[in-house]
Amino acid sequence: MVRGDARLETKLAAVADAGARAWPKVKVTREVFVKHLMGRLPTDVDPAIAVEATHASDLYLACGCALGDPAALADLDRTFIAQIMPPPTPPDVPPIAAEELRQMLRARLLVATKSEPARIAGYTGRGPLSIWLRVAAARLVVDLRRSTRVSEPLDQQRSLKAAGPDPEMAYLKARYGREFEEAFEASLAALSAREGSIIRLFHLEGMTNDGIGALYKVTGRTVQRWVAEIRKKLLAETHRRLAERLRLTEKEMGSIYQLVQSQIALNIPDRLRR
């Protein structure tokens, strides 16, 4: 237990007790859960406030699963994994059976190795566990699709690699390259957990709006609006950070804004891969 901050200690005790009530068969001590929780709180927020915003009961169950507690694994399977369904796939892609997907998801998330803990230990509690699991399932499907996808013709790959850089981007990198990189990286890092998941699924995993919508139980049109809003946020934040750092004239920043605007979508996938 954390010592020296009575307000934080009270909140931690409360969420630990709430987790124990939600999952009474799971054997996780308060001390172990508090350590697990504290290791997953954001570092730039008051810990007491961050604890309140955490989906603590979900995290309590995930903690038990990461420890290999049989009751936790059974509760997770019955309450969450049994509800997982394959996301929509294109007509030309063979569908995957729901139970096959669930079995592969169990293997991916719940099996620890000698060098690495089970991947469910990576759940931070900043969003519902149900959404985190559906995103994990969607990524698994994408990985399966990639493993069976026919590679691009070699001539096409060479053509893409040989394409010259965009002149505007070359100018931006030459003059303000380091500043642009840092501002853009910081803006991506400032996205919320949900925003980061959505933009990763769209740009990096190649999921459609309808596919992402199925994960979050919204329409594809809603996801389309979300993606547009996230791009707009990245654009505004990158421009703001550059303006604060470079202290250029309004006219010069206008040119920088146009350059950043033209490159945001192109740079998102590359940054997400790092």
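Keep in mind that what you see is a predicted model, and the values were worked out from it rather than measured. These values consider heavy atoms only, across backbone and side chains, with no hydrogens, waters or symmetry-generated copies.
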* Does a side-chain N-to-carboxylate-O contact under 4.0 Å join R30 and E9? -> no

* Return the minimal non-hydrogen interatomic distance between A66 and A121, and the atom names on each side. => CB-CB, 4.0 Å

* Structure fact -> Distance col, row R134:CZ vs I81:CD1, nearest 0.5 angstrom, shows 13.0 Å

* Asked: Are any of the side-chain heavy atoms of V227 and E195 separated by less than 4.5 Å?
  -> no

* **E229 bridged to R225 by N-O distance under 4.0 Å** => yes

* Can you check whether R231 reaches L235 side chain to side chain, under 4.5 Å on heavy atoms? -> no

* **CD-CG distance between E31 and L12, expressed to the nearest 0.5 angstrom** => 11.5 Å

* Hey, quick one: are L110 and V32 part of the same hydrophobic cluster, counting side-chain heavy atoms closer than 4.5 Å, chains of contacts allowed? -> yes

* May I ask you to say whether K25 pairs ionically with D75, meaning some side-chain N is under 4.0 Å from a carboxylate O? => no

* To do: Answer yes or no: is there an ion pair linking R241 with E244, defined by an N-O contact shorter than 4.0 Å?
  => no

* Between atom CD of Q224 and atom CZ of F202, what is the distance when rounded to the nearest 0.5 Å? -> 8.0 Å

* To do: Identify the two heavy atoms, one from I120 and one from W132, that lie closest to each other, and give their separation to 0.1 Å.
  => CA-CH2, 3.7 Å

* Structure fact -> Here the gap from R240 atom CZ to K233 atom NZ, rounded to the nearest 0.5 Å, amounts to 11.0 Å

* **Pairs touching residues 51-69 that satisfy side chain to side chain donor-acceptor pair (under 3.5 Å), sequence neighbours left out** => K11-E52

* **R139 and L201, any side-chain heavy atoms less than 4.5 Å apart** => yes

Please list every donor-acceptor pair under 3.5 Å in which a side-chain atom of residues 210-223 meets a protein atom from a residue at least two apart or in another chain.
residue, atom, partner, partner atom, Å
T219, OG1, T222, N, 3.1
T219, OG1, T222, OG1, 3.0

* What is the distance from atom CG of L101 to atom CD of E99, rounded to the nearest 0.5 Å? -> 9.0 Å

* To do: Check the pair E182 / E185 against side chain to side chain contact (heavy atoms under 4.5 Å, CB included), numbers first and verdict last.
  => CA-CA 5 Å; E182 292 177 356; E185 291 279 1; 5.8 Å; no

* Asked: Side-chain contact, heavy-atom cut-off 4.5 Å: L61 with T79?
  -> no

* Asked: Is the closest side-chain heavy-atom distance between I96 and M104 below 4.5 Å?
  -> yes

* Any idea which heavy atoms bring L191 and G196 closest together, and the distance? -> CB-N, 4.2 Å

Atom pairs and distances, side-chain donor-acceptor, residues 122-129, under 3.5 Å, sequence neighbours left out:
residue, atom, partner, partner atom, Å
Y123, OH, G127, O, 2.6
Y123, OH, L129, N, 3.2
T124, OG1, R126, N, 3.4
R126, NH2, R40, O, 3.3

* Asked: How about T10 and R7: do any of their side-chain heavy atoms sit closer than 4.5 Å?
  -> no

* Decide whether L76 and M85 are clustered together by the hydrophobic rule: side chain heavy atoms of Ile, Leu, Val, Met, Phe, Trp, Tyr closer than 4.5 Å, transitively. => no

* Structure fact -> Rounded to the nearest 0.5 angstrom, the CD1-CG distance for I230 and L234 is 7.5 Å

